[in-house]
Structures are given as C-alpha cells and as structure tokens.
**Q** 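The structure is given below, and queries will be raised subsequently.
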Amino acid sequence: MPETVTIRPATRDDLPALHPVIERAYRGDAARGGWTHEADLITEGTRTDLATLTVIVDDPRQRLLIADTGNGLLGCVQVTARDEGLAYLGLLCVDPTLQSAGLGKRLVAAAEDCARAAFGASAMEMTVIDTRAELIAFYARRGYRNSGEKRDFPVPLDPPLFMDVLVKDL
C-alpha cells in the first residue's frame, strides 16, 4: 500500500475514477484477487453505477469517503444517517490488489468517526451476506455484533441471498 493515503469525502469529480475500483472489488475475475468479493455469489451485473454514486455524494444525509493517494483512489466507504442516532455503513471496498494491508480497517474507523461527527450517531449498522463468515468475522473484530435480524438481498437472485444485520455502539 502507498505510504500516504488520505481518507476524505468524495466529490463528483472523483466518481469516474472510483467506480472502476468498486467494480473490481466486488464483481468479476479481478475481484477474486482480494478476499471480500461477491464474484462467486453474484455473477451478473454491476455493483453500482455513476448515477447512484452521484446521488450519494449529493445527499446531505450521506457521505462517501474515499482513500486517495493523490495519484489514484484505492477504496471507499459510504455512511448514511438513519433515524434515532443510527448510521448505516455500506459500500466498503478496497482495490483487490491492496486488500489485507489495513486500509479496510482505516476506512471503517473513518466511517465511524464520520457517523459520530456529521450525524451525531451513537450506533452503526451494516448488512453482510450471511454466508460470508470471514467478512462477518472481520467486522466482529472491529466490535460489530450480529443483531439476529436478517434482510433480503437488495437484488432478487435465484437462489436468493440473505443479509445479516451487524451493529456496533459508537
């Protein structure tokens, strides 16, 4: 991983460079270079698109934080304000070639700091595909616990996927 990585809010200008990083981290053969991908579970379609990322950047109740070297973007995490002191963590990704170097941990910590500072959140939740034991364990090591709640995967698939809801007091 490059020595200097700044985590900062994304702008619209960052999105064309960020979008391919997200797709590499989640989908397709390139994603298999890392350990957090969905490529074996979701074989078709994209993870997101520029229009969706633009909505996130423009929404005052959301933040898209990016890991920036000054020469390129390495990953991101989304923070969304929910009601009653709750924030949602999503879209966490790190370029597959740089996973396991600590950047994911830094992005999670930055998301938690952002949730507290920007939205006054006292708790963070996220959803993780319930069969992704290694990813759930990663979050458990960061203080997240399984709430026992399950949600449908946002895209209908056959066979269907389900999400575990993880929560952490901030």
Side-chain angles (χ1 to χ4, degrees), residues 5-27 36-38 42 45-70 72-95 99 102-130 132 135-136 138-157 161-170:
V5 176
T6 301
I7 298 175
R8 63 173 177 81
T11 67
R12 282 179 164 221
D13 291 341
D14 296 314
L15 301 181
L18 179 62
H19 183 250
V21 175
I22 295 168
E23 295 305 314
R24 278 195 310 274
Y26 281 99
R27 300 288 200 291
T36 63
H37 65 86
E38 301 168 345
I42 305 159
T46 59
R47 175 61 172 81
T48 192
D49 55 43
L50 287 174
T52 301
L53 294 173
T54 301
V55 168
I56 294 168
V57 167
D58 289 348
D59 184 346
R61 291 184 50 87
Q62 298 191 72
R63 299 291 185 278
L64 185 60
L65 305 178
I66 57 174
D68 185 357
T69 67
L73 304 180
L74 307 180
C76 68
V77 65
Q78 175 186 1
V79 182
T80 303
R82 298 269 170 97
D83 295 329
E84 300 178 18
L86 183 65
Y88 182 85
L89 185 149
L91 203 58
L92 174 65
C93 75
V94 173
D95 189 289
Q99 290 180 11
L103 185 53
K105 294 173 195 170
R106 286 185 57 196
L107 283 163
V108 169
E112 293 168 355
D113 290 344
C114 175
R116 282 188 293 267
F119 305 126
S122 58
M124 181 84 85
E125 77 170 8
M126 71 178 71
T127 54
V128 179
I129 297 172
D130 63 358
R132 299 295 316 278
L135 198 50
I136 292 169
F138 168 84
Y139 290 116
R141 289 189 300 273
R142 265 126 221 102
Y144 288 83
R145 61 179 171 69
N146 193 322
S147 71
E149 180 184 352
K150 288 223 185 267
R151 295 182 186 160
D152 291 336
F153 191 74
V155 177
L157 297 170
L161 292 176
F162 300 96
M163 310 289 282
D164 282 343
V165 177
L166 308 181
V167 295
K168 178 180 180 178
D169 291 333
L170 299 178

**Q** Can you tell if the side chain of Val21 reaches within under 4.5 Å of the side chain of Cys76, non-hydrogen atoms only?
**A** no

**Q** Do the side chains of Arg61 and Asp59 get nearer than 4.5 Å, heavy atoms only?
**A** yes

**Q** Closest heavy-atom contact between Ala67 and Val5?
**A** CB-CG1, 3.8 Å

**Q** Is the shortest side-chain heavy-atom distance between Leu89 and Leu166 below 4.5 Å?
**A** no

**Q** How about Phe119 and Arg63: do any of their side-chain heavy atoms sit closer than 4.5 Å?
**A** yes

**Q** Flag the pair Arg12 and Asp58 as a salt bridge only when some basic side-chain nitrogen lies within less than 4.0 angstrom of an acidic carboxylate oxygen.
**A** yes

**Q** Is a donor on one side and an acceptor on the other found under 3.5 Å between the side chain of Arg106 and the backbone of Ile7?
**A** no

**Q** Atom CG in Leu91, atom CG in Leu18: separation rounded to 0.5 Å?
**A** 7.5 Å

**Q** Lys150 and Asp164: side-chain contact (heavy atoms from CB on, under 4.5 Å), yes or no, with the steps?
**A** CA-CA 5 Å; Lys150 288 223 185 267; Asp164 282 343; 2.4 Å; yes

**Q** Output the distance between atom CE (Met126) and atom CD1 (Ile136), rounded to the nearest 0.5 Å.
**A** 10.5 Å

**Q** Got a second to check how far Asp113's CG is from Leu170's CG, nearest 0.5 Å?
**A** 9.0 Å

**Q** Is atom NZ of Lys105 surrounded by more than 12 heavy atoms (other residues, nucleotides or ligands) closer than 6.0 Å?
**A** no

**Q** For the residue pair Val94 and Gly104, what are the closest heavy atoms and their distance?
**A** CG2-N, 3.8 Å

**Q** How long is the span from the CD atom in Gln62 to the SG atom in Cys114, to the nearest 0.5 Å?
**A** 11.0 Å

**Q** Would you name the heavy atoms of Pro9 and Asp14 that are closest together and state the gap between them?
**A** O-OD2, 4.3 Å

**Q** Going by heavy atoms in the side chains, are Tyr144 and Met124 under 4.5 Å from each other?
**A** yes

**Q** Check whether any side-chain heavy atom of Thr127 sits under 4.5 Å from a side-chain heavy atom of Tyr88, and report yes or no.
**A** yes

**Q** Report the residue from Leu15, Val79, Thr80, Leu64 that forms a side chain to side chain contact (heavy atoms under 4.5 Å, CB included) with Ile56.
**A** Leu64

**Q** side-chain contact (heavy atoms from CB on, under 4.5 Å), that's the test. Do Met163 and Ile129 meet it? Break it down for me.
**A** CA-CA 4 Å; Met163 310 289 282; Ile129 297 172; 3.6 Å; yes

**Q** Would you compute the distance between atom NE2 of His19 and atom CG of Leu73 and round it to the nearest 0.5 angstrom?
**A** 13.0 Å

**Q** Would you verify whether the NZ or CZ of Arg142 falls within 45 degrees of the ring axis of Phe138 while also being under 6.0 Å from that six-membered ring's centre?
**A** yes

**Q** Minimum heavy-atom separation for Val57 to Ala10, with atom names?
**A** CG1-O, 3.8 Å

**Q** Taking Ser147 for its side chain and Val167 for its backbone only, find out whether a donor-acceptor pair lies under 3.5 Å.
**A** no

